[in-house]
Amino acid sequence: MSPAPAANAAPARPRRPVLRFVFAAALAAAFVCFVALGTWQLQRMAWKDALIARVEARVHAEPVDPPTRARWDAITAENDEYRRVRVRGEWLDVAPARTQAVTGIGAGWWLLSPLQTASGDVVLVNRGFVPAGTDVAAPAPGPAEVVGLLRLPEVGGGFLRDNDPAADRWHSRDVAAIAATRGLPADRVAPYFIDADHDPARAGWPRGGLTVVKFRDHHLQYALTWFAMALLTLVAGACLFVLERRFRHHRGQSSEEPSDVRPRTGR
């Protein structure tokens, strides 16, 4: 015969302390992560505010000479983009490139034409906005001067639309690709383009000065969201502590109450 199970064997107790510890540790880790993310967003906000201040100063500053070929490899968005520059040269007899544009005055095209400087370098100049279906005359021959904002290339295309160089269809101002389709020497084409300022003395199209200088700056909202999540973890931890105390209190009371169960007597 197999031995009978022990009548007085105690039932296995649930691992409540272990589960409570794991849950509390998870809350603590979440709190630390949320606070770190919120702090990081505040740091990003400070960096973005400094960037906006620098760009605003550049946009309204007196124009300077654009970077020479010796500095082309060192051009960065942080140090050079939206810098107000002045460039002199002559327009090349090359067909302009039209890139898709949506502006505050409607949809149409940006008109990009190559300007050759006295040093032989070529700079693509966004002469301005042209409404769809509008024909524009070529720029006048001879010496020319352009004042505008230095911009970095927009490689590849626009949102969900790729540039098609073979069809001369452009959704972004991709300097290298446009220069290649126009047969311009790659080693002499500046790795930037210039958004020309608006010239109030010249009527008609293209119209310059429509550059939108705007940066997404939602870091404060993101920081507040992360800090709110951290606060929620504190609330969850407090609720856990209160419930645990109530559970222990009720369990202690139930263990102290006398049992009303009476043994049965046979007849």
Exercise. With side chains defined as the heavy atoms from C-beta onward, is the minimum distance between Leu92 and Leu184 less than 4.5 Å?
Worked result: yes

Problem set entry | Same cluster (ILVMFWY, side-chain, under 4.5 Å), Leu232 and Leu37 | yes

Problem set entry | Test item: Thr103 and Arg207 side chains (from C-beta on) under 4.5 Å apart, heavy atoms | no

Seminar exercise, completed: Contacts satisfying side-chain hydrogen bond (donor to acceptor under 3.5 Å, both in side chains) that involve residues 117-133 (not counting sequence neighbours) are Arg69-Asp121, Ser113-Arg127, Thr117-Ser119, Ser119-Asp121, Asn126-Asp195

For this session: Working to the nearest 0.5 Å, report the span between CD1 of Ile75 and CG of Leu150.
Result: 6.0 Å

Seminar exercise, completed: Hits for side-chain contact (heavy atoms from CB on, under 4.5 Å) against Ala74, two or more places apart or cross-chain, chain-then-number order -> none

Exercise. Checking Arg84 side chain against Ala61 main chain: does a donor-acceptor pair fall under 3.5 Å?
Worked result: yes

For this session: Locate the shortest heavy-atom distance separating Ala223 from Gly38; write the atom from each residue and the value.
Result: CB-O, 3.6 Å

Exercise. With the 4.5 Å side-chain cut-off for hydrophobic clustering, are Val122 and Ile178 part of the same group?
Worked result: yes

Seminar exercise, completed: Of all heavy-atom pairs linking Phe31 and Ala230, the shortest is CD1-O, 3.4 Å

Problem set entry | Over all atoms of both residues, closest heavy-atom pair of Asp174 and Gly156 | OD2-N, 3.2 Å

Exercise. Taking the side chain as C-beta and beyond, is there a heavy-atom pair between Gln221 and Leu224 under 4.5 Å?
Worked result: no

Seminar exercise, completed: The complete set of side-chain hydrogen bond (donor to acceptor under 3.5 Å, both in side chains) pairs with one or both residues in residues 23-41, sequence neighbours excluded, reads Gln41-His219

Problem set entry | Over 12 foreign heavy atoms within 6.0 Å of CH2, Trp91 | yes

Exercise. Which value, rounded to the nearest 0.5 Å, describes the distance between Leu27 atom CG and Phe34 atom CZ?
Worked result: 9.5 Å

Exercise. Would you find a donor on one side and an acceptor on the other, under 3.5 Å apart, between the side chain of Trp205 and the backbone of Val136?
Worked result: no

Seminar exercise, completed: Note: Leu152 and Pro191 closest approach over all heavy atoms is CD2-O, 4.4 Å

Problem set entry | Path from Val123 to Val147 over hydrophobic side-chain contacts below 4.5 Å | no

Problem set entry | Within-4.5 Å side-chain heavy-atom neighbours: Trp109 and Phe129 | no

Exercise. Are Leu111 and Ile105 linked, directly or through other ILVMFWY residues, by side chains that come within less than 4.5 angstrom of each other?
Worked result: yes

Problem set entry | Evaluation steps, side-chain contact (heavy atoms from CB on, under 4.5 Å), between Arg169 and Arg98 | CA-CA 8 Å; Arg169 186 177 298 115; Arg98 294 184 176 227; over 6 Å; no

For this session: First locate atom OH of Tyr82, then atom CZ of Arg58, and finally report the distance between them rounded to the nearest 0.5 Å.
Result: 10.5 Å

Exercise. NE2 of His171 to CG of Asp164: how many Å apart, nearest 0.5 Å?
Worked result: 7.5 Å

Exercise. Distance from Ile194 atom CD1 to Leu149 atom CG, nearest 0.5 Å?
Worked result: 9.5 Å

Seminar exercise, completed: Nearest heavy-atom approach of Asp197 to Gly148 is OD1-CA, 3.4 Å

Exercise. For the hydrophobic clusters of this structure (ILVMFWY residues joined by side-chain heavy atoms under 4.5 Å, transitively), does one cluster hold both Leu115 and Val189?
Worked result: no

For this session: Can you run down the salt bridge (Lys or Arg N to Asp or Glu O under 4.0 Å) pairs that involve residues 29-38, sequence neighbours left out, and say none if there aren't any?
Result: none

Problem set entry | Contact summary for Thr99 and Ser172, nearest pair of heavy atoms | CG2-O, 3.6 Å

Exercise. Tell me the side-chain hydrogen bond (donor to acceptor under 3.5 Å, both in side chains) pairs involving residues 175-193, sequence neighbours left out?
Worked result: Asp168-Arg182

For this session: Please examine the side chains of Val32 and Val35, heavy atoms only from C-beta on, and report whether any two atoms are closer than 4.5 Å.
Result: no

For this session: For Arg88, enumerate each residue passing the side-chain hydrogen bond (donor to acceptor under 3.5 Å, both in side chains) test, keeping only those at least two apart in sequence or located in another chain.
Result: Glu145

Exercise. Can you tell me how far the CZ atom of Arg173 sits from the CG atom of Leu112, to the nearest 0.5 Å?
Worked result: 7.0 Å

